[in-house]
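Take a look at the structure set out below.
Counting starts at 1 for both ligands and their atoms, following the listed order. Nothing fancy with the numbering, it's 1 onward along the sequence. When reading the values below, keep in mind they use all heavy atoms of this one structure, side chains included, and skip hydrogens, waters and symmetry mates.
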Amino acid sequence: MRKKIIAGNWKMNATKDEAVTIVNGLIANYSDFGLSENKIVVVASPFPYIHYCASMFAKFPNLVAAAQNCSEFEKGAYTGEVSAEIIASLYVEYVIIGHSERRQYFKETDEQLLLKINQAQNHNLIPIFCVGETLETRDNNKHFEFVKEQLENAIFKVNENDIKNCVIAYEPIWAIGTGVTASPAQAQEMHAFIREQVSAKFNGETAKEMSILYGGSVNAANAAELFTCADIDGALVGGASLKVDDFSTIIKAMK
Ligand code: PGA
């Protein structure tokens with residue numbers, strides 16, 4: 001059965017004390033979340049806290065830690081990088097790959113993203129692979145073509161077996177951190193398109209099982225409506241994941 005996933009992406013936010021407050025808050029609210037094997041919460045903190053998050057969540061099934069990035073290299077003299085192997089050794093289960101901020105500010109290329117996906121999967125981390133178009137691309141009505149290319153250039157190069165252990169997040173760049181959310185209809189349309197592409201490239205069963213998350217200004221007020229869409233299996237939440245009450249509301253909005 002396809003998993004519902006609410007993922008928080010703290011980005012480069014939260015001091016240690018703030019991180020502790022968020023983690024304790026989520027644990028305090030845990031029993032209200034209604035988590036199960038099929039509805040999980042993923043928290044992608046900055047690297048210095050991932051071990052802390054993973055340890056704190058260890059007693060809470062289906063509340064799991066994630067990394068926001070991993071190196072495309074296996075190991076060695078790459079100062080400042082963090083490998084998938086290191087991340088996996090900290091009991092972290094997921095890693096965000098190809099976030100638009102990594103593509104834009106750190107110039108990550110499709111080739112690098114594929115290497116990162118391979119690294120993640122070699123170490124049993126589940127990639128949350130992000131795609132999404134700019135406003136200009138959407139205005140030019142090229143958004144489907146653009147997202148298809150992002151899929152084909154990286155995540156679609158894994159094999160039939162490995163694609164089963166991937167999550168895709170659709171995050172239109174114009175909706176990230178802007179307060180402008182894609183309408184449920186816009187999001188649903190793209191999610192259905194992505195699922196169709198997975199089906200065409202791999203097979204219908206894999207497409208049916210794949211979790212496809214929406215990201216971009218998801219908040220406590222708009223989550224419930226987005227989650228009514230047939231092909232939206234959860235959210236990748238930035239700003240609102242730093243506020244325990246708002247993030248908890250979003251988690252509970254996923255039925
Ligand atoms: P946002 O970020 O919720 O703050 O728009 C989403 C994301 O970039 O993952």
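- Ligand 1 has no nitrogen or oxygen under 3.5 angstrom from a nitrogen or oxygen of Ile176.
- The N/O atoms of Thr178, backbone and side chain alike, include none that comes under 3.5 Å of an N/O atom in ligand 1.
- Atom OH of Tyr94 is separated from atom CD1 of Ile128 by 7.0 Å, given to the nearest 0.5 angstrom.
- Near His99, the atoms of ligand 1 lying under 4.0 angstrom from a non-hydrogen atom of the residue are 7 (C), 8 (O), 9 (O).
- Of the candidates Ser241, Ala169, Gly238, the one placing a heavy atom closest to atom 1 (P) of ligand 1 is Gly238.
- The aromatic rings of Phe156 and Phe202 sit perpendicular to each other, their planes meeting at more than 60°, with 30° as the lower class boundary.
- Ranking protein heavy atoms by distance to atom 7 (C) of ligand 1, first place goes to Glu171 OE2, 3.1 Å.
- Between Gly177 and ligand 1, an N or O atom pair is found at a separation short of 3.5 Å.
- Of the protein's non-hydrogen atoms, Gly239 N, 2.9 Å is the one closest to atom 4 (O) of ligand 1.
- Taking CG of Asn159 as the reference point, atom CD1 of Ile163 lies at 9.0 Å (rounded to 0.5 Å).
- At a 3.5 angstrom cut-off on N or O pairs, Val237 does not count as close to ligand 1.
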Report task. Give the C-alpha distance, both sets of side-chain angles, the deciding distance and a yes or no for salt bridge (charged side-chain N to carboxylate O under 4.0 Å, His left out) between Asp233 and Lys4. Result -> CA-CA 5 Å; Asp233 307 311; Lys4 293 168 175 171; over 6 Å; no
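- Shown in contact with Gly216 at under 4.0 Å from a heavy atom are these atoms of ligand 1, numbered in order with element: 5 (O).
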Report task. Begin with the C-alpha distance, continue with both residues' side-chain angles, and end with the deciding distance and a verdict on side chain to side chain donor-acceptor pair (under 3.5 Å) for His99 and Glu171. Result -> CA-CA 8 Å; His99 191 282; Glu171 298 207 304; 3.1 Å; yes
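- Taken together through direct or relayed side-chain contacts under 4.5 Å among Ile, Leu, Val, Met, Phe, Trp and Tyr, Phe47 and Val64 form parts of separate hydrophobic clusters.
- Nearest protein heavy-atom neighbour of atom 2 (O) of ligand 1: Lys11 NZ, 3.2 Å.
- Under 4.0 Å from ligand 1, the heavy atoms of Ala175 that appear belong solely to its backbone.
- Hydrophobic clustering keeps Ile126 apart from Ile87 (ILVMFWY residues linked when any side-chain heavy atoms are closer than 4.5 Å, directly or through intermediates).
- Proximity of Ser217 to ligand 1 is established by a heavy-atom distance of less than 4.0 Å.
- Ring orientation note: the planes of Phe60 and Tyr30 are nearly perpendicular, at an angle over 60° on the 30°/60° scale.
- The residue from Leu35, Ile251, Asn62 that alone fulfils the side chain to side chain contact (heavy atoms under 4.5 Å, CB included) condition with Ile40 is Asn62.
- Atoms of ligand 1 lying under 4.0 Å from at least one heavy atom of Asn9, given by number and element, are 9 (O).
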